[in-house]
Novice: 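Dumping the structure here so I can ask a few things about it.
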Amino acid sequence: MLDQLDQRLRQLIKEKHWNKLTNIQEMSFKPITNGHNTLIIAPTGYGKTEAALFPILNKMLHEDVKPVTVIYITPLKALINDLLHRINWWSSRLGFLVNRKHGEVPQKEKNLRLKKIPHIIVTTPEGLEIDLDWASRFREYYKNVKWVIVDEVHELVSSKRGTQLSILLERLKSFIGYDFQRIGLSATVSDEEKVAKFLFGSSERKMSIIKLQDTRNFEIKIRKIKNDSIMWKNAAELIHQLIEKPTLIFTNSRFSTERLYEELEKLGNTEIYVHHSSISKDLKNLAEDELRNGNAKAVVCTKTLELGIHVGDIKKVIMLRPPTSVSSFLQRLGRSGHIVHGIPKGEIVCFYDFDVMEAFALYISAIKGKIEKPIIDDGLDVVARELLGMILQYQKINIDDAYNIIHNSYIYRNLKLSEFMELIEYLAKNNIIKIDNGYLKLGYNFFKIWRFNKDSKSGWGKEFSEFFSLINNDETFTLKYNGVTVGEIDAVYVYKHVRANDIIRISGKLWKVMRINLNKSTIDVTPVNEGEGEIPIWKGESTSKSSIIVNSIKNIIKNFNKYYPVMKNILDKDAMDSLLKILSEYKEQSLNIPIDNIIIVEKREDDEWIYSTLIDEKIANTLSHILLYLVIKKYTLNAFARSSIYGFSIKGTPIDLLKEVVNMDDNKIRKIILKSILRSPLYIATLKEIQPSFGKISKINLKEDRFLIKEALRQTLKRYFSIKKTLEFINKIRRQEIRIIYVDNPTPLSEAVLSHAQIRPWLLDLNVSIYQALKGGAYTVNELSEVLGISPKSLENKLKQLRRANNKYKVTSFVDVDSRENRWCLYEDFISIVKSEEYYSSFAPLNQNEIFIASLKSGDNQVEVIFKPKDLLNSPDEILRKIPFNNIEEVKVREAIDTSYQFSQKYYHVGKDIIIYLLLNAVAYLQSLKYS
DNA sequence: GACCTGCTGCGGGGTG
C-alpha cells in the first residue's frame, strides 16, 4: 500500500520511524480510496485513526478540496484533545488545518475557526448538533464536506447519542446535497452488519467492513475472598498482593471504588488513586497523569477508565466483582497489554459464590466470542429534538421534507408518516412548534423551555445549552473546599443523610461538612485526617446483566465435567470451592439446580416469597412487577419485589401469588403488566427524561398527554421488560414444562436473589408518596419538596392536611432545635424519632426548673396546664390527667413569666399519646432561644 | 447497593 501513497505522506511515515503500516491500515486503504462507506473493526491501539486518515489525506492532496473537508466525530472530550494532536501532526505538515470543538474549548480558540476555516474539524455528536442548529455562518462551510469519520461507533450505537447522530448525518447529507463518504471506527462488536447500516444510513455508496481477526489471547484468574463482616478488608488484602505497577482496578460502582480505596489506604498503600464520574476533573486528571508518568501504582476506577482515553501501558487489570456484560469484560481486560503483542492480564475478585459463576461464564463467553448485540434506541424524543433542531436551522421546514430526512435514518426506516404526524400534532398541542400551511415553525413555548437566560432560575425550563445534548443529569450537590470543587453527591442523598459536621469520604479523602448551601447546591467542606467517613451512595440506573451470562451459566452447569479442567486452571481454590459448594448444597437437599425447567419456591418468615431459577432478567423484572402490583392491590402498601438473573421475589403476601398469575388469561396478564409498569420508578424516570423534548413541562394529564405516556411506556418496556417472553415463560409453567417445587430450607440461588435491591412501587397517590418519603425519618419541607418533586408551598399545605388525618398517613411536626427548622415526620414514627440520638437535643430541656404554661384547645374546650420541664420527665401522668380530651387541636406553649407571648411555640392536631414529647420540644426550643 | 458520556454563535461595543 505504501507505494500507492503520495510521496509527501510517505516521507512523514518515514519521519515517524514507522517501518510498516499495521494490518488494519493496509486493509482499509483500498475500500476507502474506492469511495466505499467503510466500517473498521479492531481493538484499541491498532492505529484505526490513521487507517481512516491516510487514504483520505492521500486523496485530499490530489483533489481540489475546500474546507471544511472532513468531520471527525468522537464521543469524549478527552479523545478530541488527544486526536487533535495526533491528526494535526500529519495534516499540518501537509498543509491542512485542524480544529477542535467541544464544550471546554476556550472561546478564543472556538472563534478562530471562522477566521481560518479548518479542513478537518474534530468534535462530538453534540458539537455537530450545535453547528447544524445554530452556527449559522460556520455551517455554510460544511457544504464542502466530503468525508465523515465516526470514532468509537460501538460506544454510540446503542445510546440516544448514537440515534441523535444517525439523524444528524441525514440532516447533513440533505443540507449539503452530497452523499459524503462515511467511515466508522469500532472495537469488536457482535452485529457488524447492523452497526454498519446504522452508520451508513441512506448513503448509496458501496459498503465495506474491514475487520481484524482478534487473535489476542488473554490470561485470567478468578479468585474468591471470604464474605464475612470484614470482606472489604479481605478484598483489599488480596488486591494489595495482586497489584503489579501500574494496575487498573475496576469496580461496578462509585461506592465500591471509594470503599476499596479506604481499605487499601489502611494497608499503607500510597501511589494509589481514585477515578469515577463524581470526582472533580482536576483530581481525575491527576490520576490519569500519574498513570501515564508511571508514578501511579494503581488506580481504582469505574467505567470512566473503560473508554478509550490513553493511560499508558497497564500491566494488569483487576476487576472487583464481575462486570455485567461480556463487552465490558473485554473492554476492561483490553486496557492492559496495550502494546500490539502484549497479552492482557486480568483478575476477577469475587465476593459471593454466584460472582464466581458469573466470572467464569464471562470468561467462557469471551473465549467463544459471544458479545452482547447492540440494542438501538429508537425513541421519538430524539426525533422531536431533531425536528426542533431543523426548525432552528431553517426557521421553517416543510413537513414532508422533515419526514424524509428522519425516515432516511436507518433507525427510523420503519417510521410511518401517520406516526410522524401524531408526533407533530402532539408537539403543536404543547405549543413548542406551530403548524403553518404544511410548514413547521417554532412555537412560543420553545424559548420558555430552553431558556437563554441562566439567571432566571425560577420556575421550570432548562438551559438552552442542554438542548443540544440527549444526556440527562440528576440534581447533584458540588463539594467545595476553599471554592475548589472536590466532588459531587446526589441531591436526594444530601437531603436524606448529609448534615453539618458530618464526615464524608470522597475522592479517597475525608471531608468535614461545614455548610450546606441549598440555593447554590454546594457543600463547603474542609479536609480532616481522622474519623470514620461515610461514603455517599449514588443512585444510578440499574444495570442489568446480559442474557449471554445467564445462558452461559446454564451451559456450564449442564456440562460441568467438560468445563472442569478449564475451571481448575482459572479458579483459585476458594473460588473452586464456591462453585462446588453451590452444586453440593442442591445435592444435599436432593434438588436439581433450577436452570431450565424448575422454579424453587421458598417462603421466608417475613412473608417474602423467593422464586429461584436462572432466568432472563427482563422476564424476572416483568414477573416481579406483576406480583408487586397484585400485592399492593390485595394486601399491603408495605411491599417490595426483587428481580435478578437468579430469580425474583415478592414480599407482603400470605399466599403464593405466582400460582394466581399462572391461572389468569394472557390478556389479563398483559393488562396487569402495563399497569404495573406505570407504577414503576423506571417508567417515572423515563417520563422525566423524555418529556422536555416534547415540550411538556406542566403536570401530565392522562387524556391530554396520551402520546407522551404511550411513548414513555414503550421505551420503558423495551429497555427493561418483555411481555412476549414473560407470557411464554408462564405458558411453560401451565404446560408443566417448568415445574414448581416448594422447599423449606434456603438454597444458594435464593440467597443470590435476596442480595439484590428491593423494588418499591411509585404511586401517583400523593399521600402514599409522602408516606414513603417520610417513613423512618424527619424532614424539612424543602428537603421533602426536592425528594418528591412537589413545590414547597403545596407540599406544606398537603402536610397540614395530613396533620388532621386519622390514619397511617397522619403526620406531625416538631422544631429541630439545632437548626431551628420545622421537621415533619409520620405520626407513627414520632416516638422512635424522639428517642433517636439524632434529635436528642430537640427534646432535652436546658433548665429543668423554669415554669411554663401550655394552653390546649379541643373544640370549645380549653385548658391551661402549668408545668416545669422536670415534671414532664418525672411525672408525665400527672400532666396528662389535667388534659380532659384525647385530640388536641392546638397547643400553645410559653414561659410563665413571658406574659407578652413574645416567645411561644404552637402545635396542631396532636394526640394525648405524644403531647408530653411535644411539650419537651417546645421547652427545649424556647430555652435554646433564650440562652443563645 | 446501582456504570458513563456532553452542554450557545455571532457581531457589536468597549478598552488598551
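Proteins come first, then strands; the chains are lettered A, B, ... in the order of their sequence lines, and each starts at number 1.
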Novice: What is the nucleic acid contact for A:K545, judged by heavy atoms within less than 4.0 Å: base, sugar-phosphate only, or nothing?
Specialist: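 Nothing, no nucleic acid heavy atom in range.
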
Novice: Return a single string for nucleotides 11-16 of chain B, one symbol per nucleotide in 5' to 3' order, where B is base contact, S is sugar-phosphate-only contact and - is none, cutoff 4.0 angstrom on heavy atoms.
Specialist: S-----

Novice: Among B:dG1, B:dC3, B:dG6, which is the nearest nucleotide to the side chain of A:R254?
Specialist: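 Closest nucleotide to the A:R254 side chain: B:dC3.
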
Novice: Is it true that a side-chain atom of A:R161 and a backbone atom of A:P75 form a donor plus acceptor pair closer than 3.5 Å?
Specialist: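 Flag set: sc A:R161 to bb A:P75 pair under 3.5 Å.
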
Novice: Taking the nucleotide of DNA chain B with the closest heavy atom to each, which residue, A:R113 or A:T304, is nearer the 5' end?
Specialist: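 Taking each residue's closest nucleotide, the earlier one in sequence belongs to A:T304.
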
Novice: Can you tell me how far P of B:dC3 sits from CG of A:L305, to the nearest Å?
Specialist: 15 Å

Novice: Measure CD/A:E155 against P/B:dG6 and give the value in whole Å, please.
Specialist: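 Taking atom P of B:dG6 as the reference, CD of A:E155 is at 11 Å.
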
Novice: Can you find a side chain N or O atom of A:K462 that sits less than 4.0 Å from OP1 or OP2 on B:dC7?
Specialist: no

Novice: Assign A:F467 to base, sugar-phosphate, or nothing according to its heavy-atom contacts below 4.0 angstrom with the strands shown.
Specialist: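 If one applies the 4.0 Å heavy-atom cut-off, A:F467 turns out to touch nothing in the nucleic acid.
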
Novice: For the pair made of CH2 in A:W134 and C1' in B:dG6, what is the distance, rounded to whole Å?
Specialist: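 It is 19 Å, rounded to the nearest whole Å.
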
Novice: Give a yes/no answer on whether the side chain of A:S136 brings an N or O atom under 4.0 Å of OP1 or OP2 in B:dG9.
Specialist: no

Novice: Using every non-hydrogen atom in the two residues, find where A:D353 and A:K224 come nearest and quote the distance to one decimal.
Specialist: OD1-CE, 3.3 Å

Novice: Mind listing the residues from residues 124-133 of chain A sitting with a heavy atom below 4.0 Å of DNA chain B? Number order is fine.
Specialist: A:T124, A:E126, A:I130

Novice: If I compare all heavy atoms of A:I397 with all of A:M390, which pair ends up nearest, and what's the gap?
Specialist: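 For A:I397 and A:M390, the tightest heavy-atom pair comes out as CD1-SD, 3.8 Å.
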
Novice: Can you tell me which nucleotide in B:dG9, B:dC4, B:dG6 comes closest to the side chain of A:K303?
Specialist: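 Between B:dG9, B:dC4, B:dG6, the one nearest the side chain of A:K303 would be B:dC4.
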
Novice: Nearest-Å distance, CD1 (A:I80) to P (B:dC7)?
Specialist: 7 Å

Novice: More than 12 non-hydrogen atoms from neighbouring residues, nucleotides or ligands closer than 6.0 Å to NZ on A:K233, yes or no?
Specialist: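 No, the 6.0 Å shell around NZ holds no more than 12 heavy atoms from other groups.
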
Novice: Is it the case that the side chains of A:S166 and A:S409 hold a donor-acceptor pair, with the cut-off being a distance below 3.5 Å and no angle test?
Specialist: yes

Novice: Is it true that A:F250 and A:F329 have ring centroids separated by less than 6.0 Å?
Specialist: no

Novice: Between P on B:dC3 and OH on A:Y720, what's the gap in Å once rounded to a whole number?
Specialist: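 Nearest whole value for this atom pair: 13 Å.
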
Novice: Can you measure A:K110 atom NZ to B:dC7 atom P for me and round it to whole angstrom units?
Specialist: 8 Å

Novice: Between B:dG1, B:dC7, B:dT5, which one does the side chain of A:S277 approach most closely?
Specialist: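 My answer, after comparing the listed nucleotides, is B:dT5.
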
Novice: Can you list the residues that meet the side chain to side chain contact (heavy atoms under 4.5 Å, CB included) rule with A:K281, with sequence neighbours excluded?
Specialist: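 Partners of A:K281 under the side chain to side chain contact (heavy atoms under 4.5 Å, CB included) test: A:E104, A:N285.
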
Novice: Return the value, rounded to whole Å, for the distance between atom CH2 of A:W450 and atom P of B:dT8.
Specialist: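 Going from CH2 in A:W450 over to P in B:dT8 covers 13 Å.
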
Novice: What is the minimum heavy-atom distance between A:R139 and A:Q393, and which atoms define it?
Specialist: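 So the two residues come closest at NH2-O, 3.1 Å.
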
Novice: Hey, does A:A757 reach any base, or is it just sugar-phosphate, or nothing, if we go heavy atoms under 4.0 Å?
Specialist: base

Novice: Looking at A:F447 and A:L442, what are the two nearest heavy atoms and their distance?
Specialist: CE1-CD1, 3.8 Å

Novice: Could you state the CG-C1' distance from A:L79 to B:dG6, rounded to the nearest angstrom?
Specialist: 13 Å

Novice: Could you tell me whether a side-chain N or O of A:E617 sits under 3.5 Å from a main-chain N or O of A:K545, the two making a donor and an acceptor?
Specialist: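 Answer holds: yes.
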
Novice: With a 4.0 Å cut-off on heavy atoms, is A:H756 in touch with a base, just the backbone sugar-phosphate, or nothing at all?
Specialist: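 The residue A:H756 makes no contact with any strand.
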
Novice: Select one nucleotide: of B:dG6, B:dT8, B:dC4, the one nearest the side-chain heavy atoms of A:F464.
Specialist: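 So the nucleotide nearest the side chain must be B:dT8.
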
Novice: Any side-chain N or O of A:S253 under 4.0 Å from OP1/OP2 of B:dG1?
Specialist: no

Novice: For a quick check of understanding: with a heavy-atom distance under 4.0 Å over all strands, which category does A:F468 fall into, base, sugar-phosphate or nothing?
Specialist: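 Here A:F468 touches the backbone only, sparing every base.
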
Novice: Can you tell me which nucleotide in B:dG1, B:dC7, B:dG9 comes closest to the side chain of A:A135?
Specialist: B:dG9

Novice: For the side chain of A:D133 and the backbone of A:L392, is there at least one donor-acceptor N/O pair under 3.5 Å apart?
Specialist: no

Novice: Measure from the side-chain heavy atoms of A:E463 and tell me the nearest of B:dC3, B:dT8, B:dG9.
Specialist: B:dT8

